[in-house]
2 protein chains.
Amino acid sequence: MRDVASRAGVSIATVSRFINDPETLSPDMRARVEDAVRALGYIRHGAARALSMRRSHAIGAIIPTVDNPTRASKVAALQKHCRENGYNVLLALSEYDLDLELQQCRNLVEAGADGLMLEGGLHHPELYELLESRNIVFVNTIVYDPASPYPNIGFDNRGMARRLAEHLLDLGHTEFGVISGPRGSNDRARERVEGVHRALAKKGLPLPAERVVERPYRVAEGRLGLKTLMELPSPPTAVICGNDVLAFGAILEAQALGYDVPGDVSIAGFDDLDWASQLPPGLTTIALPAPKVGLLAARYLLETLAGKAMPHATEVEVRLIRRGSTGPAPKRG
Amino acid sequence: MRDVASRAGVSIATVSRFINDPETLSPDMRARVEDAVRALGYIRHGAARALSMRRSHAIGAIIPTVDNPTRASKVAALQKHCRENGYNVLLALSEYDLDLELQQCRNLVEAGADGLMLEGGLHHPELYELLESRNIVFVNTIVYDPASPYPNIGFDNRGMARRLAEHLLDLGHTEFGVISGPRGSNDRARERVEGVHRALAKKGLPLPAERVVERPYRVAEGRLGLKTLMELPSPPTAVICGNDVLAFGAILEAQALGYDVPGDVSIAGFDDLDWASQLPPGLTTIALPAPKVGLLAARYLLETLAGKAMPHATEVEVRLIRRGSTGPAPKRG
DNA sequence: ATTGTAAATGTAACCGTTTACAAATTACCA
DNA sequence: TGGTAATTTGTAAACGGTTACATTTACAAT
């Protein structure tokens with residue numbers, strides 16, 4: 001910057017102004033500085049700026065893993081909106097581990113992240129402490145919970161699971177099974193199971209523990225899950241899966257075992273991945289507009305940083321998409 | 001840091017030493033500083049450190065999109081290894097657009113990225129200039145090319161496409177089709193098509209232009225691609241797809257059109273995604289160990305930054321996985 | 001001319017580290 | 001015991017920007 005200044009024959013303050021707010025310069029100055037900047041290929045030193053401004057212009061994103069397209073699209077949308085507003089995105093992975101998540105959070109704080117996008121509402125208590133003591137703005141995503149003390153943007157996981165269950169109840173099903181993702185430190189997974197539970201409870205139907213199997217989010221695991229359920233003394237006629245990947249496996253396994261989908265068993269998931277409409281018989285699922293969550297999260301963070309008051313909790317609407325994988329309950333045999 | 005120093009009754013230099021190299025402190029000092037650090041919950045200010053050290057401890061990753069699990073796993077591996085060595089990862093998306101990629105690169109330079117992981121070997125010429133003029137270490141990934149002037153880590157895209165083609169040639173196929181991803185500014189896609197081309201040429205077989213269709217990487221597009229190929233006056237008996245997603249669509253469409261896979265048409269892809277082994281009849285594909293690329297890229301960047309000489313180009317081996325979607329060529333009717 | 005005001009530009013302090021160098025302490029040996 | 005070397009700790013100068021404040025300049029109003 002000193003070089004630019006001396007080449008243009010101005011002070012470094014003028015160069016700084018040219019970079020940040022060219023309007024305040026006289027046209028003459030502006031032209032001179034511009035030439036110098038261009039000639040020298042000057043690029044502002046971000047760390048120095050961050051130090052001076054006490055703002056790094058970086059947003060941290062901590063997600064469990066990156067192998068799910070829905071989640072990936074959320075991060076992509078965040079990145080895009082941040083970038084368009086002069087913010088960079090620091091990516092960190094928590095692997096569904098609250099301690100690791102806390103560690104990653106510390107790293108991002110050290111890196112100077114001005115804001116943080118988290119996933120879910122369940123975090124290490126020290127994480128909240130840390131963020132609040134440093135006044136770092138953050139938002140929980142994928143979850144919508146107006147009652148939470150922490151800002152959040154996302155879906156009503158319980159509600160959408162209930163909707164899926166109700167859809168199947170309407171089709172006459174009474175024997176339900178669930179292939180959930182691991183619920184350990186994943187409140188989204190928990191809430192989805194709970195949503196099913198409640199929908200059934202309202203009709204006086206039980207959801208016995210053995211009808212809920214927990215499996216990692218992989219196709220092969222979805223197969224195993226379905227197999228387990230169908231080997232039960234009384235197998236379910238409707239299976240709700242923690243996401244489309246598990247549902248994919250469930251459908252394949254059902255077909256492999258000789259069951260007709262949806263004739264013998266209905267199967268549904270969450271996400272509406274690319275192929276959900278393509279795989280016969282078409283997967284009934286809940287479409288989750290994850291990019292919208294990413295965009296809203298970015299907007300929340302940047303606007304809050306800019307001093308604007310933003311809604312504490314905002315719900316992103318989901319859509320139940322009925323396709324061929326769910327149908328009327330089979331007649332009792 | 002000043003606070004920590006005064007609370008511990010030492011100089012700030014001592015605190016700095018405690019953070020960076022505790023061994024050099026006397027046990028007494030170490031204990032005192034440690035207490036103070038803990039009591040105050042001190043976390044080092046990354047920007048100040050970056051400014052002082054002229055090193056940000058951040059690695060930038062520019063990838064086209066994030067919606068492909070293979071690519072995602074590469075970034076995840078990069079992130080993990082970087083994190084384990086005290087480096088953060090800045091994520092940027094280029095959307096297969098060289099100009100946007102250059103822009104993102106500038107942003108990352110401004111953010112202070114010490115190193116950069118790029119994808120492919122085809123970039124805006126200014127990008128290379130920029131990186132070299134600033135002495136930013138970088139590495140092209142997913143491509144392996146010892147002849148390239150730029151460091152790279154990845155696969156022999158041409159070679160693996162050839163292997164797939166040879167596998168199909170061995171099965172007696174002579175009528176080939178290709179559903180490629182968009183080749184515009186994607187050298188990986190180009191090389192894969194070229195690999196097929198060469199394998200055929202070696203046997204004196206042509207690959208007419210109308211037998212190569214270009215489609216975005218989506219299942220529905222794969223379907224369209226296959227439909228286009230099968231509607232040709234002389235449809236192919238073997239179809240090589242740009243990746244597994246396209247292959248997924250191709251298989252579904254073939255089955256929907258009443259063709260038997262592999263009886264009437266053999267189909268293969270690249271990636272070996274999670275479900276490639278699950279979807280009947282099982283997808284023949286080339287397994288790409290993308291996490292390994294991410295790890296090696298991280299290692300290359302960090303070691304180079306540490307002053308170690310690293311190999312200019314390193315190939316990551318791929319594996320041809322034969323499954324049910326490829327079989328003997330149908331008898332000529 | 002003189003003065004006042006607004007706009008353009010410059011000066012210099014500050015942001016929070018690291019680290020070369022200086023100073024102080026300790027250890028060791030003759 | 002003094003001297004030297006090795007170890008530990010402190011001092012202060014960068015690092016490269018931003019910005020409050022001071023200064024200069026231009027111009028209008030008196």
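Proteins get letters first, then strands, A, B, ... in listed order; numbering begins at 1 in each. Since we're looking at a predicted model, the values are computed, not measured.
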Please step through side chain to side chain contact (heavy atoms under 4.5 Å, CB included) for the pair A:D187 and A:V143, ending with a clear verdict. CA-CA 9 Å; A:D187 51 349; A:V143 292; 4.1 Å; yes
Hey, which sits more toward the 5' end of DNA chain C by its nearest nucleotide, A:I12 or A:R30?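 Nearest nucleotide further toward 5': that of A:R30.
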Quick one: the side chain of A:R54 and the base of C:dG16, do they pair up donor-acceptor inside 3.5 Å?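 When only heavy-atom distances are counted, A:R54 does not reach the base of C:dG16 through any donor-acceptor pair under 3.5 Å.
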Main chain of B:A113, side chain of B:R55: is a donor-acceptor contact present, judged purely on distance under 3.5 Å?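 Such a contact is absent between B:R55 side chain and B:A113 backbone.
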Over how many whole Å does the gap from [X] atom [atom1] to [N] atom [atom2] extend?
X: B:D3; N: C:dT17; atom1: CG; atom2: C1'; result: 14 Å
X: A:H45; N: C:dC15; atom1: NE2; atom2: C1'; result: 14 Å
X: B:L25; N: C:dA24; atom1: CG; atom2: P; result: 19 Å
X: B:D21; N: D:dT8; atom1: CG; atom2: P; result: 11 Å
X: B:N20; N: C:dG16; atom1: CG; atom2: C1'; result: 13 Å
X: A:R17; N: C:dG10; atom1: CZ; atom2: C1'; result: 8 Å
X: B:R55; N: C:dG16; atom1: CZ; atom2: P; result: 24 Å

Quick one: which of [options] gets closest to the side chain of [X]?
X: B:R49; options: C:dT18, C:dT11, C:dC21; value: C:dT18
X: A:Y42; options: C:dG10, D:dG17, D:dT8; value: D:dG17
X: A:A48; options: D:dG17, D:dG10, C:dG16; value: D:dG17
X: A:M29; options: C:dT9, C:dT19, C:dG10; value: C:dT9

Could you check whether [X] gets within reach of a base, just the sugar-phosphate, or nothing at all, counting any heavy atom under 4.0 Å?
X: B:T14; result: sugar-phosphate
X: A:I19; result: nothing
X: A:F18; result: nothing
X: A:V15; result: nothing
X: B:S16; result: base
X: A:R2; result: nothing

Euclidean distance, A:R134 CZ relative to A:R106 CZ, rounded to 0.5 Å: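 A:R106 atom CZ to A:R134 atom CZ measures 9.5 Å (nearest 0.5 Å).
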Do A:R190 and A:N157 have side-chain atoms, one donor and one acceptor, less than 3.5 Å apart? no
Can you find a side-chain donor-acceptor pair between A:N140 and A:H123 that sits under 3.5 Å? yes
When you match A:M53 and B:E23 each to their closest nucleotide on DNA chain D, which lands nearer the 5' end? B:E23
Pick the closest DNA chain D nucleotide for A:L51 and for B:S11 by heavy atoms, then say which residue is nearer the 5' end.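 This one resolves to B:S11.
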Output yes when at least one side-chain N/O atom of A:R44 is less than 4.0 Å from OP1 or OP2 of D:dT18, else no. yes
Phosphate OP1/OP2 of D:dT19 contacted by A:S52 side-chain N/O (<4.0 Å): no
Electrostatic pair B:R7:B:D3 at N-O distance under 4.0 angstrom: no
